[in-house]
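Below, each value reflects all heavy atoms present in this structure, side chains not excepted, and no hydrogens, waters or symmetry copies. Naming: A, B, ... by sequence-line order, numbering from 1 per chain. Since the structure is predicted, the reported quantities are computational estimates derived from the model, not experimental observations.
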Amino acid sequence: MIISEFERDVYRVVKLIPKGKVSTYGQIAKKIGRPDSARAVGNALNKNPFAPLVPCHRVVKGNGELGGYNGGCSNKQKLLRTEGVIIKNNKITDFEKILNKFDN
DNA sequence: GTGTTGACCACAG
DNA sequence: GCTGTGGCCAACA
């Protein structure tokens, strides 16, 4: 399985998200140097060649909603709650508090 | 090779 | 607050 440098960066950053925290497509995109390519980030995670390795459940939309990945990672929501992330109606409670902004 | 689509975000009206 | 448009990367028809 060979992937592009872009996707590799995406997975690298996503894996850096600490337990109990989440991030957004936009933040990840910005971190890897493509602030306008949140779509490509989602696409990379959609393929998800590192399914258990990349915590896709810690990646959500910019407004705190879970997003459309819900179909494949629904059980991960419960896992997030176990890690301390409160999820309410497919939305993250205290989203800004647990949001891991890769702000260097 | 061109156009469309996809787990999206930001800006303008 | 909602809608439309522009923007990036990769995959598919």
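- Nucleotide B/dA7 holds its C1' atom 11 Å from the CD1 atom of A/Ile28, rounded to whole Å.
- As a whole-Å value, the separation of A/Phe50 CZ from B/dA7 C1' is 18 Å.
- Taking atom NZ of A/Lys47 as the reference point, atom P of B/dA7 lies 13 Å away to the nearest angstrom.
- Under the 4.5 Å side-chain criterion, counting only non-hydrogen atoms from C-beta, A/Arg39 is not in contact with A/Asn43.
- In this structure the side chain of A/Ile32 never reaches within 4.5 angstrom of the side chain of A/Tyr11, judged on heavy atoms.
- A/Arg39 comes within 4.0 angstrom of a nucleotide base, judged by non-hydrogen atoms across all strands.
- Here the P atom of nucleotide B/dA10 and the CG atom of A/Asp36 are 10 Å apart, to the nearest Å.
- In this view, A/Arg81 satisfies the side-chain hydrogen bond (donor to acceptor under 3.5 Å, both in side chains) rule with no residue, not counting sequence neighbours.
- Under a hydrophobic-cluster definition in which Ile, Leu, Val, Met, Phe, Trp and Tyr are linked whenever side-chain heavy atoms come within less than 4.5 Å, directly or via other members, A/Val22 and A/Leu79 are assigned to different clusters.
- Within the 4.0 angstrom heavy-atom criterion, no nucleotide atom of any strand lies near A/Thr24.
- The same atom, P, is picked in C/dG7 and in B/dA7; the two are 22 Å apart, to the nearest Å.
- Atom C1' of nucleotide B/dA7 and atom CD of A/Gln27 are separated by 17 Å, given to the nearest angstrom.
- In this structure, the CD atom of A/Glu65 is 10 Å from the P atom of B/dC8, given to the nearest Å.
- When the options A/Leu80, A/Val14, A/Leu45, A/Leu16 are evaluated for a side-chain contact (heavy atoms from CB on, under 4.5 Å) with A/Pro55, the one that passes is A/Val14.
- A residue-by-residue look at A/Ala38 and A/Asn43 shows that A/Asn43 has its nearest nucleotide of DNA chain B further toward the 5' end.
- The side-chain hydrogen bond (donor to acceptor under 3.5 Å, both in side chains) check on A/Asn100 picks up nothing, with sequence neighbours excluded.
- With rounding to whole Å, A/Leu66 atom CG is found 15 Å from B/dC8 atom C1'.
- Under the 4.5 Å side-chain criterion, counting only non-hydrogen atoms from C-beta, A/Arg58 is in contact with A/Lys19.
- The CZ atom of A/Phe6 sits 14 Å away from the P atom of B/dC8 (whole-angstrom rounding).
- If you walk DNA chain C from 5' to 3' and mark each nucleotide with an atom closer than 4.0 Å to a heavy atom of chain A, the marks span C/dG7 to C/dA11.
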